[in-house]
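One structure is given here, and the rest of the page talks about it.
Below, each value reflects all heavy atoms present in this structure, side chains not excepted, and no hydrogens, waters or symmetry copies.
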There are 2 protein chains.
Amino acid sequence: MNDSAWSTVFAVTESRNQPTGAAFLLAQLGAHAANRFAARIADLGLSPADVGLLRMIAARPGRSQQSLAADLGVVPSRVTALIDPLDRAGLVERRRSTGDRRNYELHLTPEAARVMDEIKKTAIAHEADITSALDPSQRAQLITLLELIAADQNLTPGVHPGYRR
Amino acid sequence: MNDSAWSTVFAVTESRNQPTGAAFLLAQLGAHAANRFAARIADLGLSPADVGLLRMIAARPGRSQQSLAADLGVVPSRVTALIDPLDRAGLVERRRSTGDRRNYELHLTPEAARVMDEIKKTAIAHEADITSALDPSQRAQLITLLELIAADQNLTPGVHPGYRR
DNA sequence: TATTGTTATACTCTATAACTATA
DNA sequence: TATAGTTATAGAGTATAACAATA
């Protein structure tokens, strides 16, 4: 579904030509921010899912595919498919656990470390890009308001709801 | 991909435990707002796409599937699949155009008019729900800041980017 | 020959279930 | 028997291409 289509989905004020509510603006800007980030990391040959996986492994090296499946909320067979390309790309290494030879210990390769640096640079550039219209005071104000809403909506700080359903 | 997964995708500040950037908050709240709206209209037996289609037809009754395809940014065969369930549900009527019998003129049924009322109520409740943490002045402030960003990012007012790619 | 809409086909994403190796 | 991971299969969503009816 493209731009025009989504505009009609979230429209609130039918009396005017354009939807103007805060809910619509949030959905519009949120999708834009997510799309822009996806486009940026696509230049690195990665998908948003790839970045998530790499970060999860970086945060806890040696973790199993099962633990990843649990945290991701997907079935184990899905993790196989998600890790395969990263393995083939030489970014993730599957090492048989010495203690329990049924499971793998997932590790990032040295190459992945270089990629993670690029991802970090990309994330910082992305943040600057998205907020470039605001001065520092406005940016702080925006974050305050957004955090008020996030708390009110019972969103876990730092946890993105994804796009499911 | 679920909550925890997405949190790692957009993380900006690796030195802290949580991502805190405005870009992340926008993506988080935008996805939340879109998900909540989808959940609400699911109670009406509709998908976000259905709502978009109904609104597009309501805004220009008699329009063809081709024009819908163009505005939606999808191929004509996709429109067939999108309209079919709405037709079967008795919400959209395909009338052969008398002038050019190749195309249909799409119209909403009286039943659809009742559904549109429900959608409107839902959208208003949704807006109130999402912004319930803010007082009127804060809500105006938020909209101002979001509109600054939207303009800076060259987003067409009232046009949602969708979740493509 | 060009256009509107449908059908057939294929590709991607994801889940369920059966299977292998290990415990 | 239970667990980690893989493979096989199926269903949803969407695009491409071939087709029928009409122009």
Atom-to-atom span, [atom1] of [X] to [atom2] of [N] - whole angstrom:
| X | N | atom1 | atom2 | result |
| --- | --- | --- | --- | --- |
| A:Asn103 | D:dG5 | CG | P | 5 Å |
| A:Leu86 | D:dG5 | CG | P | 15 Å |
| B:Arg88 | C:dT6 | CZ | P | 12 Å |
| B:Ile83 | C:dT4 | CD1 | P | 16 Å |
| B:Asp87 | C:dT6 | CG | C1' | 13 Å |
| B:Tyr104 | C:dT3 | OH | P | 20 Å |
| B:Leu82 | D:dG13 | CG | C1' | 10 Å |
| A:Arg94 | C:dA21 | CZ | C1' | 15 Å |

Problem - Rounded distance [0.5 Å steps], CG in B:Leu145 versus CG in A:Leu142 - result: 5.5 Å
Handout entry: Heavy-atom donor-acceptor pair, B:Arg102 side-chain to C:dT3 base, under 3.5 Å
Key =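 In this structure, the two groups form a donor-acceptor pair.
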Handout entry: Under 3.5 Å donor-acceptor pair, A:Ser77 side-chain atoms to C:dT14 base atoms
Key = no
Handout entry: Side chain of A:Arg101 (C-beta onward), nearest among C:dG5, C:dA23, D:dT16
Key =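 The nucleotide sitting nearest to the side chain is C:dA23.
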Exercise for the section: Could you please name the option among D:dA15, D:dT22, D:dG5 that lies closest to any side-chain atom of A:Gln65? Expected result: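 Of D:dA15, D:dT22, D:dG5, D:dG5 is nearest to the side chain of A:Gln65.
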Practice task
Report which part of the nucleic acid A:Ser97 touches: base, sugar-phosphate, or nothing (heavy-atom distance under 4.0 Å, all strands).
Solution key: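 The residue A:Ser97 makes no contact with any strand.
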Exercise for the section: Under 4.0 Å between any heavy atoms, over every strand shown, what does A:Arg78 touch: base, sugar-phosphate, or nothing? Just pick one. Expected result: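 Since a base atom lies under 4.0 Å of A:Arg78, the category is base.
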Exercise for the section: Indicate whether OP1 or OP2 belonging to C:dG5 is found under 4.0 Å from a side-chain N or O atom of B:Thr80. Expected result: no
Problem - Nearest-nucleotide 5' precedence on DNA chain C, B:Ser64 against A:Ala81 - result: B:Ser64
Exercise for the section: Could you say whether A:Pro76 or A:Asp100 is positioned toward the 5' end of DNA chain C, judged by the nucleotide with the nearest heavy atom to each? Expected result: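 Its nearest nucleotide lies further toward 5', so the answer is A:Pro76.
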Problem - Donor-acceptor under 3.5 Å (B:Asn35 side chain, B:His32 main chain) - result: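 Judged by distance alone, no pair lies under 3.5 Å.
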Problem - Any donor-acceptor N/O pair, B:Glu105 side chain to B:Pro61 backbone, under 3.5 Å - result: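 Looks like no, no N/O pair under 3.5 Å.
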Problem - Under 3.5 Å side-chain donor-acceptor pair for A:Asp129 and A:Ser132 - result: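 Result is no, nothing qualifies.
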Problem - Donor on one side chain, acceptor on other, A:Tyr104 and A:Arg95, under 3.5 Å - result: no
